[in-house]
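Remarks on the structure that follows.
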Amino acid sequence: MIVIMVPNASTHEISDVITRIRAAGYDVHLSEGGASTIIGITGVGSPLNRERIGQMAGVQSVMPVSHPYKVTSRAYHPDDTHIPLGTITVGTADLAIIAGPCSVEGRESIIEIAHAVREAGANALRGGAFKPRTSPYSFQGLGEEGLRYLAEAREQTGLPVVTEVMDSAMVPVVCAYADVLQIGARNMQNYALLHAVGESQHPVLLKRGISSTIEELLMAAEYILSHGNRRVMLCERGIRTYETATRNTFDINAIPVLKQTSHLPVIADPSHGTGKWEYVESVSMAAIAAGADGLILEVHQDPEHAASDGRQSLKPERFAALVTKLRQLAPVVDRRLIFQPPG
Ligand code: PEP
Ligand code: MN
């Protein structure tokens, strides 16, 4: 249930409503960004009399929320959530272009790619230091050493760093180096991890699980938001279907569905969504046309020898060509691409 207050409700009226809800045992989430204050009610408590609350001073209306996610829903927070990322603000007209290798492979290589993607127009750097690999025999990442190289690449280029955290115990160490915590597809329903990043104030890039529904993605986001961290970006990265021509099936539908049902920014990952670099440009353009707030793309200077995901990685010059196309597309869909000034 959500309670919508009249636009000029007094702080006294708002606090009376909150006191009544809390007295019944529920948690309260306040949304104050828009024209009027909205009070979200979550948790388990004794039955609330909707009509009585509707009659309280300053209350405009009381709405049942039929879907299971509350704080994540647009009903609760009608305005788009804005998340600062370096020189841009995700969720506004600014397009987020996050680019870099699948894995951090070494100091020189990550610094070289960081400079290349920044020069091509990226506004954030990606790269996994902790890698969730399907096989225990595949490259598992450089760990904290990789985080140090990412931080050095940020220092040299000014690009904020997006990197994966795989385990709740590792949240503090990843927070010490990263600007955005990535939750990978394989961990979308790791509730201890969602809880831990929910208690940090670092922005989170939450990837859709390999076989998860849109509602399950929104419920995973709800874990993070309900623990106090509202800076969540949702990421469509393709789902498993019967199709084998591509690594995953990029669910373009998810973009308008997520934008309609939630206030959180949506980032598209055409690299994992297709698994083949030659399809990445088309799907990137489609995702932005469909309303995505940005892209996360794998870029590698030598994809044939990449430690992971080389097959889907763009060479820097192809990435640069894609950014040029995105720059032409952006104004058609009321977006803009901000060039990162030299760092
Ligand atoms: C990645 O971003 O390299 C990654 C492992 O992605 P996903 O979790 O979507 O498979
Ligand atoms: Mn990858």
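In listed order, ligands and their atoms are each counted from 1. Small disclaimer: the values here were computed from a predicted structure and weren't measured.
Considering only non-hydrogen protein atoms, atom 4 (C) of ligand 1 sits nearest to His272 NE2, 3.4 Å. Regarding atom 6 (O) of ligand 1, its nearest protein heavy-atom neighbour is Lys207 NZ, 2.9 Å.
For atom 10 (O) of ligand 1, the nearest non-hydrogen atom from the set Met166, Arg237, Arg247 belongs to Arg237.
Remark: Asp79 does not engage Arg74 in a salt bridge, criterion side-chain N to carboxylate O under 4.0 Å. A salt bridge does not link Glu164 with Lys207: every distance from a Lys NZ or Arg NE/NH1/NH2 to an Asp or Glu carboxylate oxygen is 4.0 Å or more. The residues Lys70 and Asp27 are annotated as not salt-bridged, no charged nitrogen and carboxylate oxygen being separated by less than 4.0 angstrom. Electrostatic pairing of Asp94 and Arg335 does not count as a salt bridge here, judged by no charged N lying under 4.0 Å from a carboxylate O. With salt bridges taken as basic N to acidic carboxylate O contacts below 4.0 Å, none links Asp302 and Lys315.
Among heteroatoms of the N, O or S kind in Asp309, OD2 lies nearest the Mn ion (ligand 2). The Mn ion (ligand 2) sits nearest to atom OE2 when only the N, O or S atoms of Glu298 are considered.
The angle that Cys102 SG and His272 NE2 make at the Mn ion (ligand 2), rounded to 10°, works out to 170°.
Within ligand 1, the atoms closer than 4.0 Å to a non-hydrogen atom of Cys102 are 3 (O), numbered from 1 in the order shown. Within ligand 1, counting atoms from 1 as listed, the ones closer than 4.0 Å to a heavy atom of Gly184 are 8 (O). The Arg186 neighbourhood of ligand 1 comprises atoms 7 (P), 8 (O), 10 (O), with distances under 4.0 Å to a heavy atom of that residue. Of all the atoms in ligand 1, the ones that sit under 4.0 Å from a non-hydrogen atom of Ala185 are 7 (P), 8 (O), 9 (O).
Without hydrogens or angle criteria, Tyr76 side chain to Leu30 main chain gives a donor-acceptor distance under 3.5 Å. Ser262 places no side-chain N or O within 3.5 Å of a backbone atom of Leu258 that could act as its donor or acceptor partner.
Polar contact with ligand 1: absent for Asp269 (N/O pair, distance under 3.5 Å). In terms of N/O distances under 3.5 Å, ligand 1 is not approached by Glu164.
For the residue pair Thr246 / Thr274, no side-chain donor-acceptor distance below 3.5 Å is found, with atom types taken as modelled.
The closest approach between any non-hydrogen atom of Arg208 and ligand 1 is not below 4.0 Å.
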